[in-house]
Amino acid sequence: MKLELRGITKRFGALVANDHINLTVEAGEIHALLGENGAGKSTLMNVLYGLYRAEEGEILLDDVVQHFSGPGDAMAAGIGMVHQHFMLIPVFTVAENVMLGHEETGFGGHLDLPAARRRVTEISARFGFDVDPDALVEDLPVGVQQRVEIIKALSRDAKVLVFDEPTAVLTPQETDELMGIMRQLRDSGTSIVFITHKLREVRAVADRITVIRLGAVVGQASPTASNEELATMMVGRPVDLTVDKSPAAPGAPALVVTDLTVLDPRGQVLVNNVSFTVHAGEILAIAGVQGNGQTELTEALMGLQPRVSGGITLDGASLRNHTVRRILDAGVGFVPEDRTEDGLVGEFTIAENLMLDRSHQPPFVKRFNVQLSFLARFAEDKVKEFDVRSQGIDTLVARLSGGNQQKVVLARELSRDLRLFIAAQPTRGLDVGSIEFVHEGIIATRDAGTPVIVISTELDEVAALADRILVMFRGRVVGIVPGDTPRAVLGLMMAGETPTEEGAAA
Amino acid sequence: MRLSTTTDLIQLPDVVLPTRPTGIAVVALLLLITAASGWLVRSKAKVPIWLVTVFAVFLLVGFLAWASADHTIPVPGLLFGSLSLAVPLIFGALGGVISERVGVVNVAIEGQLLAGAFTSAMVASITQQPLLGLVAAMLAGVLVSFVLAAFAIKYFVDQVIVGVVLNVLVSGVTGFLFSQLLAPNAGTLNSPPRFENINIPLLSEIPIIGPVFFRQTLIVYIMYVAVACVYFGLFHTKWGLRLRAVGEHPQAADTVGINVARTRFWNVSLAGAIAGLGGAYFTLGSVGAFGKEMTAGAGFIALAAVIFGRWDPIRATLAALLFGFASNLQNVLSIIGSPVPSEFMLMLPYLVTIFAVAGLVGQSRGPAASGKPYIKS
Amino acid sequence: PSTGGATSTAAVTDFTPCIVSDAGGFDDKSFNQSSFDGMTQAADALGVKFKQAESKTTDQYAGNVSSMVDQNCNFILTVGFALANTTRDAAKASPKTDFAIIDSALSNDDFSPLALDNVKPVLYDTAQAAFLAGYLAAGTTKTGIVGTYGGKQFPSVTIFMDGFADGVTYYNTQKSKSVKLLGWDKAAQAGTFAGSFDDINQGKALSTNLIDQGADIILPVAGPLFQGTAQAIQDSGKDVAIVGVDSDLYATAPATKALYLTSIMKQMADATKAIVVDAANGKFSATPYIGTLENKGVDIAPLHDWESKVDPALVKEVDAIKADIISGKLKVTSPSTPK
Amino acid sequence: MSETLQTPPVSSGKPAGPDQPDQPSRAYQVFREITTGNAIISVLAVLLALLVGAILIAFTNEDVQKASVYFFSRPGDTVVAAWNSVSGAYSALFQGSIYNFRKPDFASGIKPLTETLTFATPLIAAGLGVALGFRVGLFNIGGRGQMLIAAALGGWVAFALDLPAGIHLVVALVVGVAGGALWGGIVGLLKARTGAHEVITTIMLNYVAYYLVSYLLRDGFLKTPGSNNPQSPASKPTAVFPDLLGPAYNLHLGFILVIIATIFTWWLLSRSNLGFQFRAVGLNPHAARVAGISVNRMYVYAMLFSGGLVGLAGINQVLGTSTSGFDAGIDSGIGFDAITVALLGRSRPWGVFAAGILFGAFKAGGFSMQAAEGVPIDIVLIVQSLIVLFIAAPPLVRAIFRLPTPGQKTPGAKTPRKRTTTPTEAVAS
Ligand SMILES: Nc1ncnc2c1ncn2[C@@H]1O[C@H](COP(=O)(O)OP(=O)(O)OP(=O)(O)O)[C@@H](O)[C@H]1O
Ligand SMILES: Nc1ncnc2c1ncn2[C@@H]1O[C@H](COP(=O)(O)OP(=O)(O)OP(=O)(O)O)[C@@H](O)[C@H]1O
Ligand SMILES: [Mg+2]
Ligand SMILES: [Mg+2]
């Protein structure tokens with residue numbers, strides 16, 4: 001089905017998120033939409049899907065003007081969407097989520113769950129996903145949630161499919177599979193809009209590319225364009241896609257983790273007997289498919305997990321059984337994986353978020369009083385230093401784009417005297433420009449002699465940052481290998497195979 | 001303890017629990033269970049719910065044996081009264097569960113109960129038809145819900161404000177109409193015919209349970225059906241799936257084509273209808289006349305039962321029953337002469353609830369979007 | 001002492017009596033209501049209009065009374081002990097306005113009794129009438145068990161229960177019987193209460209439990225909650241009777257009239273009416289009014305439908321006891337007797 | 001969140017700069033500002049509520065009812081009667097709450113306003129307490145219990161102890177506030193320790209407190225010696241709040257204390273580090289925990305402060321308003337009104353202050369409406385509820401008067417208000 005958007009303009013109050021955007025997607029075409037964080041991609045797609053009502057412009061399907069009053073209409077017209085922010089009900093099972101809105105029912109509206117399960121298993125099998133239809137969505141790792149979101153969209157046989165950053169939390173293999181699915185769908189005549197920040201993917205799968213910046217279309221590109229060209233077009237300035245990194249100069253062992261085990265409330269082992277050491281001035285990347293215990297490992301280090309055994313020492317002093325506050329005060333900087341949930345208070349201003357984990361001590365607080373003028377100066381400095389794009393330090397963080405939100409977290413954590421820096425998924429969902437910035441910041445921290453742990457599911461990122469790589473699988477350490485270990489080896493390790501080259505262990 | 005009523009077919013002999021031996025036995029068992037749970041807690045496992053329940057039952061038997069020393073406690077009467085006190089709470093809680101599950105906090109249960117009680121009394125008096133009274137009660141509950149829904153869903157007014165204000169409003173309106181209309185014309189406007197007790201054949205002859213559960217009025221039978229329907233509906237039907245989706249994540253529901261505002265509006269109305277039935281129980285099922293403020297805070301207890309029951313119709317029902325039981329136990333104990341001052345006896349149901357919530361329930365998480373208006377851009 | 005108009009007719013037409021309720025409200029089926037009825041009757045008799053203010057919460061007492069003063073009321077009737085201090089303060093501030101307060105005397109802040117020239121306390125020795133009802137109930141019960149419950153443990157409530165309990169005890173000693181009273185222990189001043197004057201359903205639950213315990217005569221001292229008792233009796237299918245309080249329930253709540261053995265009456269409407277009319281005619285006096293059996297301020301109601309079921313000899317005994325109480329031969333005491 | 005209706009300032013995307021061609025004229029913008037502003041909405045809301053109230057008053061007025069019997073023969077009578085009843089009632093509301101024109105001089109004419117402030121005093125204090133809870137994500141419906149305990153303990157100090165003037169008052173005040181804090185703290189502790197939901201525990205503790213205080217009044221240390229009424233003795237003069245404007249007015253020191261409490265709450269929430277942590281927990285407890293803030297400890301502290309502020313309302317009643325002894329109804333429903341006051345004030349200290357005064361005016365004016373015009377107390381309550389409902393529903397008022405919605409296609413809209421945790425979310429969490 002051919003899709004055409006004409007002159008779409010969408011404002012959020014004073015902000016023009018989409019400014020007379022025109023976009024045509026031919027039937028059987030994969031059309032990539034590129035743009036910085038906050039460029040207006042998701043907004044445009046939400047307009048298409050009937051979630052937002054545009055102020056101006058029209059939507060045409062096969063040259064017929066459509067009038068959507070809600071997603072129901074869009075769906076009826078054959079539009080499906082994989083939402084960037086999962087539109088899943090956390091307390092529902094996968095099957096329930098997939099069936100929601102087009103339930104099959106028996107007598108008296110009784111839900112036909114077996115049918116829904118069959119549907120989920122069938123689609124998962126068709127596309128090589130491994131999803132348990134009866135699992136609660138909230139118990140699933142984000143990667144699997146993303147698959148559920150995709151299954152949901154696919155289960156409706158849409159003629160126009162929108163994928164809004166579906167690959168941000170998928171493994172390389174899964175990404176490849178998804179791209180295979182997209183090609184398959186394209187070949188059967190489906191029009192696809194594909195939004196991603198990963199240029200590799202764009203070039204691999206897109207037929208045409210449209211780039212938008214600041215809410216307006218800045219041009220078209222062909223899939224043959226180089227990464228640098230695309231990045232420049234998106235950001236509006238040249239972007240350095242490879243981060244310069246000098247070899248590490250590791251110092252003394254700083255963080256020593258021995259036999260660390262984490263249990264969940266039901267007694268299940270989440271992290272199993274993990275031991276490793278991080279030296280001053282080196283970056284240890286913890287790689288692995290999402291949901292193999294990395295999150296719980298970092299939480300255990302931060303004192304956020306209740307059932308922990310084993311040893312954690314930083315510079316010789318134990319961190320075990322300390323409160324989060326004491327661990328922070330011991331000089332541990334932490335960028336949590338889910339920045340909106342765990343890293344930021346969305347309804348706080350940038351300035352307030354910058355003092356969030358130092359709300360108990362000078363210089364931010366003196367005799368119970370928040371030092372507002374100090375905070376303002378500090379915030380101004382950090383906003384400038386970390387290039388947080390905003391209206392000012394009193395802007396609510398919820399109103400920032402994801403990249404800028406991440407910069408706020410980094411600015412806060414990196415402006416303390418750190419003796420250990422832990423960053424989980426530091427660039428998830430960020431655009432190329434922001435990734436460059438974040439990576440530079442992490443390397444600068446290492447170069448200042450701080451031990452750094454980076455948790456990432458992204459092999460590109462691991463490769464770009466790691467001095468050594470620890471791979472986790474099912475809560476265990478598969479192996480610790482040098483930073484330049486080939487992708488193929490890492491891929492196998494992430495699937496649980498111990499590395500063949502014995503010397504790899506460092 | 002007396003286990004049978006005088007009209008039972010099957011007469012059970014009275015069970016005599018000698019105070020001291022029972023006391024000793026119960027204390028020993030309690031200690032055993034405590035020790036077991038202590039051991040479980042030490043080994044970082046959860047104490048299973050059945051153990052807690054057994055503990056509670058033993059505690060109760062021991063307490064009864066102690067408190068009723070040389071008195072007869074008519075167990076069926078005790079339970080029958082508990083159920084009677086719990087019925088309006090259960091209806092109210094069902095209304096609360098539905099409306100909170102769909103994302104609208106319902107502080108107005110009290111108002112819905114009161115409106116239901118008032119209209120059912122008046123309409124049933126005028127028509128001399130208790131069934132019409134029942135219908136009127138549901139309509140009254142729906143009417144209160146309409147206001148809640150309109151203000152909360154359409155105009156985004158804070159749901160708690162609307163709820164609190166509605167309670168005052170309904171109390172004012174019914175109070176005014178009661179003084180002006182019902183009280184002066186009690187014979188014609190406030191003498192509703194009550195529902196007769198219906199004995200269900202066979203079931204009503206089951207010892208203990210029969211007289212308590214199956215010699216009740218139509219409203220109570222409706223309640224059984226309502227609890228079952230709401231439970232089944234919420235968790236096993238399309239209606240319930242959509243309703244819960246809207247209460248958990250309205251935007252997600254919207255993206256699959258569910259009309260959030262409409263779903264909320266009609267389900268809040270349904271909740272009002274059910275709570276209205278609870279109001280009718282006061283007048284048509286229990287006492288046969290309307291009195292000012294006769295709901296006496298039942299709506300708030302029902303609200304507590306909703307949360308106590310973790311937004312689950314069955315658990316909320318059990319919570320309401322626990323409260324009803326504690327209230328009536330208090331009644332019985334104070335009648336057979338308890339040395340405890342009346343005020344402390346009257347505290348019992350509330351203290352039991354606090355202990356139960358703190359000890360058994362713990363953390364409870366409600367529908368994620370409950371209380372949040374859904375505003376589309 | 002009212003300083004109304006110049007002539008006596010003018011005094012009556014200019015006269016504005018006013019009434020302020022306590023938190024129970026004017027349709028509490030109890031003393032607020034009877035006082036209100038008395039006020040209505042008086043106003044009708046005098047051909048004047050009266051002003052009324054209903055209180056919902058305790059912080060409204062002072063405001064309601066003072067706005068009545070502002071409305072130039074000549075006479076203000078306040079109902080219930082909770083308004084005692086408010087009335088005292090208002091009376092001190094407006095010495096030209098006459099007041100009467102139902103069910104309480106005045107006292108100073110140091111608890112010493114206080115009499116003001118412009119405040120008439122209206123009190124009832126309810127225990128006297130309740131004693132008669134207790135005796136009557138004890139002589140009428142077939143199961144040998146009678147029961148009672150109250151709304152809240154207030155003296156104006158427990159005074160009924162005390163008198164009733166004493167009546168039962170007196171019967172037992174006179175007749176060497178052992179009729180049991182459930183729900184109130186006079187010596188310990190402990191018993192059964194609904195915790196509310198609104199929750200009719202709770203009244204029903206309590207009454208059901210009393211019936212289960214064998215009581216066949218029940219004295220509910222809890223305003224409208226007696227309706228719950230009536231329903232409990234009907235549901236039980238047993239032959240159980242109610243002893244009403246405040247007014248003759250046979251007249252005020254005829255729907256279940258067959259159930260009333262008798263009622264313990266505080267003739268507040270009559271007393272109120274008389275006091276208002278006196279005040280209108282310039283005959284206000286601050287002497288406390290104490291309703292007793294003697295002045296018919298308290299009494300028990302006729303047996304009506306139960307006439308035939310009660311042993312006439314018992315009725316005679318009750319009449320004799322009444323005479324004894326009036327003559328002072330028999331003293332009825334209660335810790336809750338108004339002082 | 002209704003706040004999301006408020007437009008955010010330009011953050012990214014294409015800013016609507018001043019050089020934009022479709023920039024509306026300055027005058028138009030001012031017009032927009034006024035018609036979409038909060039002040040006009042509030043005024044219209046009150047007008048609307050008064051209108052609906054007028055209908056109710058007219059309908060329920062006896063004279064109107066009498067005249068309407070012969071409406072078709074002499075409709076004028078009905079209209080006149082309706083007008084009389086409504087204008088009488090509203091002028092009574094005004095004269096009872098702001099200024100009484102029937103009084104000869106300003107000094108006595110202004111007394112109603114001082115009455116309004118007197119009634120507002122406990123409402124503000126309790127409203128602050130409830131609002132503070134809301135900001136931490138806690139829905140404190142336990143105002144009644146906290147007030148009762150505060151009144152009981154503080155009242156006991158006030159009547160039972162003999163202390164020098166001044167000290168006595170301070171001790172009574174401190175003990176009362178501590179009592180409220182204690183009763184609230186239990187809730188916080190239960191939540192922190194066991195996760196027991198505060199809505200349940202506060203409702204239950206209301207009853208517990210009520211029966212406890214009832215018992216103490218009847219047979220415990222609050223009983224008046226020599227009297228059998230369940231009422232406490234009068235507070236000693238050394239422990240009574242002094243009148244602010246002399247004995248002719250009821251306005252007392254409590255009002256000053258409440259102003260201080262408002263400033264304190266404002267400081268606590270927006271200037272202190274504890275308040276910072278409170279707000280962080282209220283807005284995002286997960287992020288607060290990760291940032292080293294002990295969420296459970298904040299719940300306990302918040303309930304202590306919340307209960308303490310509500311306790312101030314309770315102690316205000318026994319030391320300021322009902323100094324001649326109290327009974328178990330001393331809370332007078334203020335604990336529940338406080339919920340509405342807090343939410344109407346958007347859980348901001350000064351907003352609560354204003355909402356409290358509005359409610360105080362209702363209370364003060366209610367008396368004269370009832371006394372002068374015989375408007376039944378129930379109708380007075382209904383009219384008040386309607387006013388609250390309309391004030392809380394700006395979109396409805398806008399819809400009725402067809403005013404534009406702020407933010408929608410309005411360039412240069414005002415700065416956004418920060419979102420406050422609403423109680424309803426607290427209930428659900
Ligand atoms: N619900 C909303 N309310 C107000 N403003 C919004 C809203 N959603 C988006 N915006 C604004 O619109 C702009 C475009 O947002 P959009 O989500 O379309 O960005 P995007 O291109 O999808 O970014 P990303 O790559 O990070 O997903 C943002 O900068 C933001 O300021
Ligand atoms: N209510 C809102 N008001 C203003 N701006 C908003 C609002 N909600 C979201 N935004 C903005 O919309 C833009 C896109 O939002 P979104 O949540 O998609 O961020 P994002 O950049 O895509 O985040 P991520 O990188 O985590 O995917 C961001 O700039 C965000 O700040
Ligand atoms: Mg996006
Ligand atoms: Mg993004």
Side-chain angles (χ1 to χ4, degrees), chain A residues 10-13 17 43 46-47 49-54 68-76 80-83 85-93 95-113 116 137-138 149 152-153 155-156 263 265-267 306-307 309, chain B residues 40-49 100-103 225 228-263 267 270 310-312 362-370 372 374-377:
Chain A
K10 172 72 193 168
R11 297 194 187 91
F12 292 112
T43 304
N46 284 334
V47 167
Y49 194 62
L51 260 179
Y52 292 166
R53 198 155 310 162
F68 298 154
S69 64
D73 295 345
M75 275 167 21
M81 183 155 168
V82 173
H83 297 269
H85 298 278
F86 303 146
M87 292 299 170
L88 299 173
I89 318 285
V91 296
F92 281 11
T93 65
E96 285 172 333
N97 265 294
V98 170
M99 79 197 300
L100 185 67
H102 60 150
E103 304 86 350
E104 286 175 53
T105 53
F107 174 74
H110 185 239
L111 288 173
D112 190 354
L113 267 174
V137 162
E138 64 184 348
E149 185 75 22
K152 221 172 99 182
S155 74
R156 296 182 183 226
L263 302 180
R266 275 160 285 180
R307 280 159 284 265
S309 62
Chain B
L40 281 173
V41 169
R42 279 185 69 97
S43 56
K44 303 202 177 181
K46 267 191 80 168
V47 181
I49 192 84
E100 299 217 359
R101 280 273 183 181
V102 80
V225 176
C229 283
V230 172
Y231 173 77
F232 177 80
L234 268 184
F235 299 111
H236 297 283
T237 69
K238 175 173 155 181
W239 164 72
L241 189 75
R242 294 186 164 204
L243 181 154
R244 287 183 290 136
V246 165
E248 287 289 343
H249 194 335
Q251 201 177 18
D254 195 354
T255 60
V256 294
I258 297 170
N259 186 323
V260 175
R262 196 186 303 152
T263 308
N267 282 302
L270 173 68
R310 302 195 212 172
W311 293 268
D312 173 301
Q363 204 94 45
S364 47
R365 183 179 63 173
S370 189
K372 301 180 189 172
Y374 179 59
I375 302 171
K376 293 188 71 163
S377 306

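Sequence lines set the chain letters: A, B, ... in the order given, protein chains first and strands last, and positions in each chain run from 1. Because the structure is a prediction, the values reported are computed rather than measured.
Once rounded to the nearest 0.5 Å, the distance linking CZ of B:Phe235 with CD of A:Glu96 reads 10.0 Å. Between the CH2 atom of B:Trp239 and the CG atom of A:Leu111 there is a distance of 11.5 Å, given to the nearest 0.5 Å. Atom CG of residue A:Leu100 and atom OG1 of residue B:Thr255 lie 8.0 Å apart, to the nearest 0.5 angstrom.
Proximity to chain B involves both the backbone and the side chain of A:Tyr52, based on heavy atoms less than 4.5 angstrom apart.
Contact record, B:His249 with A:Phe86: NE2-O, 3.6 Å, taken as the closest heavy-atom pair. Contact record, A:His102 with B:Arg242: N-NH2, 4.1 Å, taken as the closest heavy-atom pair. Residues B:Val256 and A:Met75 approach most closely at O-CE, 3.2 Å, considering heavy atoms. Minimum heavy-atom separation, A:Leu88 to B:Ala252: N-CB, 4.1 Å.
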_Full working for side chain to side chain contact (heavy atoms under 4.5 Å, CB included) between A:His83 and B:Gln251_ = CA-CA 11 Å; A:His83 297 269; B:Gln251 201 177 18; over 6 Å; no
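For the pair B:Leu241/A:Met99, a side-chain contact is recorded, criterion being any heavy-atom separation below 4.5 Å from C-beta on.
The candidate from A:Leu51, A:Asp112, A:Asp73 with the greatest count of non-hydrogen atom pairs under 4.5 Å with chain B is A:Leu51.
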